[in-house]
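Before any comments, here is the structure.
Reminder, nothing fancy here: chain letters follow the sequence lines and each chain counts from 1.
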Number of protein chains: 2
Amino acid sequence: MPKLTFFNLPEMKRNKLIRAAEAEFSRVPLSQASISNIVKAAEIPRGSFYQYFENKEDAYYFLLEEQWNKRQDKFIASLNKYNGDIFEAFKELFQLMLEEKKTEDGYNFLKNALLNVTHEIEDVFTRIFDEKQIDTNRLKEITPLINKECLNISGEDEFYHIIQIITSVTFRNLVEKYSRNMSKEEALENFIIEMNLLKKGLYK
Amino acid sequence: MPKLTFFNLPEMKRNKLIRAAEAEFSRVPLSQASISNIVKAAEIPRGSFYQYFENKEDAYYFLLEEQWNKRQDKFIASLNKYNGDIFEAFKELFQLMLEEKKTEDGYNFLKNALLNVTHEIEDVFTRIFDEKQIDTNRLKEITPLINKECLNISGEDEFYHIIQIITSVTFRNLVEKYSRNMSKEEALENFIIEMNLLKKGLYK
DNA sequence: TTGACACATGACATTGTGTCATTTAAAATA
DNA sequence: TATTTTAAATGACACAATGTCATGTGTCAA
């Protein structure tokens with residue numbers, strides 16, 4: 001997390017810094033991003049950056065989580081909207097991710113994140129469902145919303161694995177969309193085919 | 001690919017360099033690995049490294065592909081062994097990957113690869129199945145081996161997606177094994193649960 | 001013997017990181 | 001208001017890494 005001094009910053013200065021960091025992380029993936037570029041764009045001295053953040057990663061994950069939290073909320077809203085149909089909720093989340101326009105700031109930020117998913121980055125995306133991360137998952141909110149009637153599960157344990165499966169497939173479809181520069185329509189079509197396969201089972 | 005001079009190197013010198021590179025890429029993930037460390041361990045001058053490789057990445061992907069090709073061969077052998085049962089073949093591949101001992105050189109190399117899967121790295125692991133990569137996929141070998149009788153598919157198109165699904169789930173199980181430091185047994189158990197869910201379908 | 005060529009070498013310019021002693025500003029206290 | 005204390009800002013610096021390039025070395029064919 002950023003240090004206290006960051007949050008105490010006057011809004012204008014903080015926003016300028018955030019925009020500068022976003023621009024740098026949109027230009028190149030985390031590992032190639034440079035603090036020097038960020039401070040140059042934000043017009044702050046190098047030492048100040050370290051007054052606000054531990055390091056590059058600290059700034060990056062702050063931005064990534066901020067972006068992602070918004071979508072988590074929308075996902076939970078979708079679950080409500082579709083009476084707990086988890087497939088429909090994932091489909092809506094997937095579509096939401098496709099909406100990002102190439103011209104918008106967020107597009108390249110997201111693209112760089114997805115094409116360079118370290119385990120830590122994937123964690124940010126999936127921790128909402130992660131049994132093991134008690135403090136950041138939102139299973140208590142999600143689980144009761146879900147309509148388990150239509151899911152083909154025997155025990156509570158299997159439910160967790162179902163989420164894991166849907167998540168990995170959704171995630172890979174998203175990565176592929178960006179790596180292959182697919183159109184919205186093409187990406188959605190592939191996604192739906194795979195979701196239907198998941199539903200009906202791969203085996204006779 | 002490494003340059004010609006690399007392959008012309010006397011075997012001893014080349015092996016020493018390979019071992020040095022492997023050691024460095026086992027120590028830290030690609031983005032943090034340093035050429036300086038490699039040349040120090042290999043006892044070659046810095047300029048020589050650039051005589052042999054384009055850069056760090058060039059050396060890395062050479063080693064990664066070398067390691068992975070061996071396992072691809074074993075995967076195809078498994079497919080034969082189980083009369084084209086793709087689930088059994090994937091299970092054997094998964095088990096093979098679990099066999100890596102913590103003490104062995106390969107363990108940390110693999111771990112660093114899996115916990116920092118950029119799109120390029122994932123490509124190395126999955127290109128054997130990739131329709132779009134005509135020169136490196138091995139679908140011509142694999143497809144005829146597969147027993148499609150027991151697969152729940154309507155068209156040829158769906159077959160490709162089935163592979164995609166199994167691959168993503170297998171891959172994530174592998175990543176999780178390393179990120180959570182799971183035992184061989186625990187990892188295998190989870191993997192089997194998810195493969196069975198895939199077979200029977202997630203939906204009633 | 002000489003010239004051509006491939007390869008080897010390490011110093012160098014450049015770019016980046018994280019730290020720290022010092023300065024500046026703001027807030028608390030007398 | 002004057003003084004002290006605390007927090008924040010600043011940029012020079014030490015260190016590490018990258019990729020290049022001018023120069024050196026050795027081999028082989030003419």
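Between the side chain of A:S48 and the backbone N or O of A:Q51, no donor-acceptor pair lies under 3.5 Å. Remark: side-chain polar atoms of B:D58 are not paired, donor with acceptor, to backbone N or O of B:F53 under 3.5 angstrom.
Between B:F90 and B:F129, the distance from one ring center to the other falls under 6.0 angstrom. Ring centroid separation for the pair A:Y52 and A:F62 does not come in under the 6.0 Å cut-off.
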note = Heavy-atom contacts, protein to nucleotides 9-22 of chain D, under 4.0 Å, summarised as B (base), S (sugar-phosphate only) or - (none) per nt, yield BBB-----SBBB--

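Rounded to a whole Å, the CG atom of A:N8 is 11 Å from the P atom of C:dA27. In this entry the distance linking CD of A:E24 with C1' of C:dG16 reads 12 Å, nearest Å. The interatomic distance linking A:D58 (CG) with C:dG18 (P) rounds to 11 Å, in whole Å.
Results of the ring-ring contact (aromatic ring centres under 6.0 Å, His included) test with A:Y178 over A:F109, A:F171, A:Y107 single out A:Y107 as the only residue that passes.
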